[in-house]
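Worksheet for the structure shown next.
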Amino acid sequence: MTKETISVFDILKIGVGPSSSHTLGPWRAAQRFIKQLEDQQLIDEVEQIQVLLYGSLAKTGKGHGTDIAVTLGIHGEDPVSIDVNTITPTMQTIKSEGKIRLNGLREIPFSFDDDIIFLFNESLDYHPNALTFQAFLRTGKAISETFFSIGGGFVVKENEEPNAGHHIDLPFPIENADELLGWCIRTGLKVSEVVLENETAWRPEEQTREQLLTIFKTMQECLYRGCHTEGTLPGGLSVVRRASKLNKRLLNGKTYHDYNSWIEAIRSGGNDFKYILDWVSCFALAVNEENAAFGRVVTAPTNGAAGVIPAVLHYYSVFHHDIEEEEVIQFMATAAEIGSIFKKGSTISAAMGGCQAEIGVSSSMAAAALTECMGGTQRQVLTAAEIAMEHHLGMTCDPIGGLVQIPCIERNTMGAIKAITASQLALQTDPEKAIVSLDNVVKTMWQTAQDMSSKYKETSDGGLAINIPLSLPEC
Ligand code: SF4
């Protein structure tokens with residue numbers, strides 16, 4: 001069987017909040033549909049466009065901004081390049097004028113309320129996150145395509161192989177942790193070095209390094225913005241942003257004028273355990289508050305869990321030593337490889353596996369990456385990934401009001417702390433004596449995902465979502 005090939009940049013992607021599967025994926029699907037119409041030279045024929053949202057996309061699509069994402073995708077906006085400050089005004093114009101511009105080219109009537117249809121009681125078999133685009137042509141003909149948003153921003157068209165068009169021969173093909181370790185042992189390379197070798201199959205190494213540094217810069221900017229933005233998050237839950245308040249309290253009047261002097265100000269506060277703990281929480285909260293506010297984030301491996309990796313990376317760079325570019329690359333490459341092992345052997349979609357697939361995977365990725373940067377062996381890196389996931393098994397996804405806010409934002413703080421603990425434990429462990437392997441835990445996570453009730457898979461039909469009335473802010 002052909003091995004699935006996943007690049008680092010399939011796992012770590014620059015995008016827009018709040019959700020990779022419910023915002024980024026549907027946005028990409030809309031872009032693909034419009035591109036298809038363009039390629040078939042049908043744009044001038046289209047009189048009306050409708051979007052049908054099924055399953056989890058219908059149930060939590062409002063809170064996750066799925067309707068906004070598909071609208072912007074049809075309108076020709078790109079989630080990577082869009083200025084996030086233009087999202088609200090663009091949407092206001094589309095709604096008030098009742099018109100949309102297909103791929104930015106041709107204006108047609110569009111009702112945001114009526115042309116996006118939420119099919120709350122319908123699900124398609126292949127995946128709970130399904131959506132169908134319909135274009136009605138002036139000839140009376142209709143073109144229809146169904147897509148599945150399978151997690152982490154990945155999109156598959158109906159009847160298309162998940163990896164269609166993506167297969168590429170890698171120097172070190174890897175399907176699971178055991179194979180990764182095998183390559184490490186045979187070559188003597190670190191996990192990150194194996195990954196960078198594989199990435200050369202897609203692009204020159206220099207380009208991979210540059211792109212990884214761009215990802216890091218985007219994480220830094222997001223985290224800094226989140227630590228300096230006050231207010232209430234959109235969506236109706238009245239969740240007040242906490243990162244900026246915590247930032248102020250922890251810095252206690254210290255002055256700074258940019259990211260670098262801010263980091264120096266944080267460092268000057270010392271190394272007390274509680275102080276570090278507060279900062280890790282602050283970093284994670286900051287990213288996910290930005291995510292909840294439709295901000296620019298890095299999907300890692302999803303948007304709901306986007307705060308874990310930047311928080312752990314900042315823990316390392318602020319409280320250990322000034323991180324070198326080489327370590328950033330090492331961190332990102334290792335983290336992404338663990339994410340792709342989970343994607344291949346289990347899932348990174350909450351609609352398939354609950355929150356263990358999001359926060360659990362991101363924590364596992366961060367634990368492995370931190371362990372490699374801290375000088376752990378390849379086996380310790382995999383052990384750290386295993387430990388972090390082992391203690392997220394069974395974690396449900398039950399976002400209140402379908403918003404990526406409660407429990408999501410705080411949950412990133414927990415994922416980050418567990419990653420640091422898992423890394424530390426792995427560094428103190430003889431991995432030869434470990435009883436549970438990373439592959440064992442990947443398999444267990446998948447079995448747990450299959451046994452989990454759909455109430456706990458991003459449907460907001462169970463858990464906190466049904467116990468907290470929408471009008472009551474919880475934290
Ligand atoms: S509960 Fe977890 S998986 Fe569900 S939306 Fe929130 S962060 Fe994502």
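All of these numbers come straight from a predicted model, not from anything done at the bench. In listed order, ligands and their atoms are each counted from 1.
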- prompt: Is there a donor in the side chain of Ser423 and an acceptor in the side chain of Thr371, or the other way round, less than 3.5 Å apart?
  reply: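 Per modelled atom types, Ser423 and Thr371 side chains form a pair under 3.5 Å.
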
query: Between the side chains of Ser111 and Asp115, is a donor N or O closer than 3.5 angstrom to an acceptor N or O?
result: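 No, because no side-chain N or O of Ser111 sits under 3.5 Å from a partner of the opposite role on Asp115.
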
query: With the threshold set at 4.0 Å, does a side-chain nitrogen-carboxylate oxygen contact exist between Glu410 and Arg242?
result: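 Result for this pair is yes, salt bridge flagged.
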
Salt bridge present between Glu179 and Lys344 (N-O < 4.0 angstrom):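 Judged by the 4.0 Å cut-off on N to carboxylate O distance, Glu179 and Lys344 do not form a salt bridge.
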
message: Counting only heavy atoms closer than 4.0 Å, does ligand 1 sit against the backbone of Met395, its side chain, both, or neither?
response: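 Answer for Met395: neither.
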
Around [atom], find the nearest protein heavy atom and jot down its residue, atom name and distance.
atom                    : value
atom 4 (Fe) of ligand 1 : Cys397 SG, 2.3 Å
atom 5 (S) of ligand 1  : Cys408 SG, 3.6 Å
atom 2 (Fe) of ligand 1 : Cys355 SG, 2.3 Å

Close-contact set for ligand 1 against Arg411 heavy atoms, below 4.0 Å: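 Taking each heavy atom of Arg411 in turn, ligand 1 has 1 (S) under 4.0 Å.
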
- prompt: Numbering the atoms of ligand 1 from 1, which are under 4.0 Å from a heavy atom of Ala350?
  reply: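 Numbered from 1, ligand 1 contributes 3 (S).
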
query: Between Phe319 and His314, is the ring centre distance below 6.0 Å?
result: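 No; His314 has its ring centre 6.0 Å or more from that of Phe319.
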
message: With rounding to the nearest 0.5 angstrom, report the CG to CH2 distance, Leu72 to Trp27.
response: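 Taking CG in Leu72 and CH2 in Trp27, the distance rounds to 4.5 Å.
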
- prompt: How is the N/O/S atom of Glu358 that comes nearest to atom 8 (Fe) of ligand 1 named?
  reply: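 Going through the N, O and S atoms of Glu358 one by one, OE1 ends up nearest to atom 8 (Fe) of ligand 1.
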
